[in-house]
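What follows is a single structure, written as structure tokens, with notes after it.
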Amino acid sequence: MSDSPLLLSIAVLGGTGKEGKGLAYRWAKAGYHIHIGSRDPEKAKAAATEVSEMLGGEAMIEGLGNADAARAANIVVLTVPYSAHKDTLESVKSELKGKILVDVSVPLMPPKVATVQMPGAGSAAQEAKQIVGEGVEVCAAFQNISHELLLDNAEVECDVLVTGTSKEARGEVLKLVEAAGLRGWDAGPLENSVVLEGLTSVLIGINRKYGSTNAGIKITGVSS
Ligand SMILES: NC(=O)c1ccc[n+]([C@@H]2O[C@H](COP(=O)([O-])OP(=O)(O)OC[C@H]3O[C@@H](n4cnc5c(N)ncnc54)[C@H](OP(=O)(O)O)[C@@H]3O)[C@@H](O)[C@H]2O)c1
């Protein structure tokens, strides 16, 4: 896969929402070609226009239906609520063969969103792998970064842990972490996604207890 942002395109499914729009903004700013996906292509176009305007009209960004966005991209990023996770994946899985899927979803189960509750597969990312099947590399990343930080231009202190089905796929996602202006760490196989996803509930609990909105994590004692 190419190192050049110009040759790599990214689909952000659910990029009309908070987290996806933040990631689309960061990557569009870095020069990647972005395809925002939505259940409603008009909603996706409006979100693409909004991000483009945030970047002074300079961005390569467009809005499409989820399947068309996935088809158009080399890397597909999933940013939908867990309640929509399975249906969204089923609707695009035929477009994912030979690509990397980056699952940002957290299996939050309201009302107890500050309690870690994992699905039977072990984590949302492992469930995604079961749904998309062979021929798709699946990674998990960005679960611990708030959308507020992504949409802010300030430097982000919080690190990003990346798990995935191969070292090579994790390496590609770590390049996207860096392109987004963040520090990433290879956190091992997809089975470790339970930690990334579970940490989100812990951080939500910390935010509630200490009156913050952007609690995050940082790896110490090692230089990248
Ligand atoms: N927000 C954060 O700061 C944050 C941080 C880390 C991780 N996450 C995770 O990232 C994922 C997205 O979070 P978010 O806060 O961006 O969510 P959101 O804004 O509520 O929703 C994102 C998008 O999901 C799509 N969607 C598809 N099916 C849906 C359904 N049945 N109900 C509602 N929306 C549906 C919608 O897009 P269309 O209507 O255009 O299809 C919506 O714009 C979640 O799994 C969350 O846990 C969020």
Side-chain angles (χ1 to χ4, degrees), residues 11-27 34-51 61-70 76-93 101-119 121 123-128 131 138-152 156 158-163 173 176-177 180 182 184 193-208 212-217:
V12 186
L13 311 183
T16 52
K18 298 180 281 294
E19 186 77 356
K21 200 177 292 173
L23 289 169
Y25 167 70
R26 290 266 173 161
W27 288 323
I34 307 299
H35 308 276
I36 287 190
S38 168
R39 292 168 294 178
D40 173 0
E42 292 308 315
K43 189 174 166 188
K45 286 187 180 81
T49 301
E50 186 186 335
V51 174
I61 184 162
E62 61 196 304
L64 298 161
N66 280 326
D68 287 339
V76 179
V77 180
L78 182 64
T79 60
V80 297
Y82 181 66
S83 57
H85 186 251
K86 182 171 185 288
D87 285 353
T88 307
L89 285 168
E90 293 284 2
S91 73
V92 301
K93 72 177 183 183
L101 171 71
V102 186
D103 198 349
V104 183
S105 312
V106 180
L108 297 178
M109 311 214 185
K112 293 194 164 184
V113 294
T115 299
V116 178
Q117 300 177 81
M118 290 295 140
S123 64
Q126 286 169 277
E127 198 169 59
I131 294 168
V138 177
C139 291
F142 304 106
Q143 282 79 2
N144 310 136
I145 295 276
S146 133
H147 69 279
E148 289 178 13
L149 294 175
L150 293 171
L151 287 164
D152 193 325
V156 177
C158 179
D159 286 352
V160 177
L161 302 179
V162 178
T163 62
V173 176
L176 295 189
V177 172
L182 307 168
S193 305
V194 58
V195 176
L196 284 58
E197 297 176 16
L199 258 177
T200 303
S201 288
V202 174
L203 295 171
I204 290 170
I206 288 173
N207 278 333
R208 284 181 175 170
S212 53
T213 54
N214 294 324
I217 54 125

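Just follow the structure's listing: the first ligand is 1, and inside any ligand the first atom is 1.
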Are any of the N/O atoms on [X], whether in the backbone or the side chain, positioned under 3.5 angstrom from an N/O atom of ligand 1?
X: Glu19; result: yes
X: Ser38; result: yes
X: Val80; result: yes
X: Ser83; result: no
X: Gly17; result: yes
X: Ser146; result: no

Between [X] (side chain) and [Y] (backbone), is there a donor-acceptor pair under 3.5 Å?
X: Trp27; Y: Ile34; answer: no
X: Glu148; Y: Thr213; answer: no
X: Gln126; Y: Val194; answer: no
X: Gln143; Y: Asp103; answer: yes
X: Asn144; Y: Gly216; answer: no
X: Glu197; Y: Ser123; answer: no

query = For atom 34 (N) of ligand 1, which candidate among His85, Glu148, His147, Arg39 provides the closest heavy atom?
reply = Arg39
ask   = If you measure from atom 46 (C) of ligand 1 to every heavy atom of Val106, Asp40, Leu203, Val113, which option wins on shortest distance?
value = Val106
Can you tell me the protein heavy atom closest to [atom] and the distance?
atom: atom 23 (C) of ligand 1; result: Gly14 O, 3.6 Å
atom: atom 28 (N) of ligand 1; result: Ala84 CB, 3.0 Å
atom: atom 39 (O) of ligand 1; result: Lys43 NZ, 2.5 Å
atom: atom 33 (C) of ligand 1; result: Pro81 CG, 3.9 Å
atom: atom 37 (O) of ligand 1; result: Thr16 OG1, 3.0 Å
atom: atom 15 (O) of ligand 1; result: Lys18 CE, 3.2 Å
atom: atom 9 (C) of ligand 1; result: Val104 O, 3.6 Å
atom: atom 22 (C) of ligand 1; result: Thr79 O, 3.5 Å

Testing the basics here: between [X] and [Y], what is the closest heavy-atom pair and its distance to 0.1 Å?
X: Ser212; Y: Asn207; value: OG-OD1, 2.6 Å
X: Ile61; Y: Ala24; value: CD1-CB, 4.4 Å
X: Arg26; Y: Asp152; value: NH2-O, 2.8 Å

inquiry  = Under a 4.0 angstrom heavy-atom cut-off, which atoms of ligand 1 come close to Ser105?
reply    =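 What qualifies from ligand 1 is 45 (O).
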ask   = Which of the atoms in ligand 1, numbered in the order shown and given with their element, are less than 4.0 Å from a heavy-atom of Phe142?
value = 6 (C)
message = Under the criterion side chain to side chain donor-acceptor pair (under 3.5 Å), I'd like the reasoning laid out for Glu19 against His147: C-alpha separation, chi angles, the key distance, then a yes or no.
response = CA-CA 5 Å; Glu19 186 77 356; His147 69 279; 4.8 Å; no
remark   = Going by the 4.0 angstrom heavy-atom rule, the piece of Gln143 near ligand 1 is backbone
ask   = How does Ile145 reach ligand 1, by side chain, by backbone, by both or by neither, if only non-hydrogen atoms under 4.0 Å count?
value =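 Backbone only; the side chain of Ile145 stays clear of ligand 1.
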inquiry  = Once rounded to the nearest 0.5 Å, what's the spacing between atom NZ of Lys45 and atom OG of Ser38?
reply    =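 Reported value, rounded in 0.5 Å steps: 10.0 Å.
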task = Start with the C-alpha gap between Val92 and Val76, add the side-chain angles, then the distance that decides, and say whether side-chain contact (heavy atoms from CB on, under 4.5 Å) holds.
result = CA-CA 10 Å; Val92 301; Val76 179; 5.5 Å; no
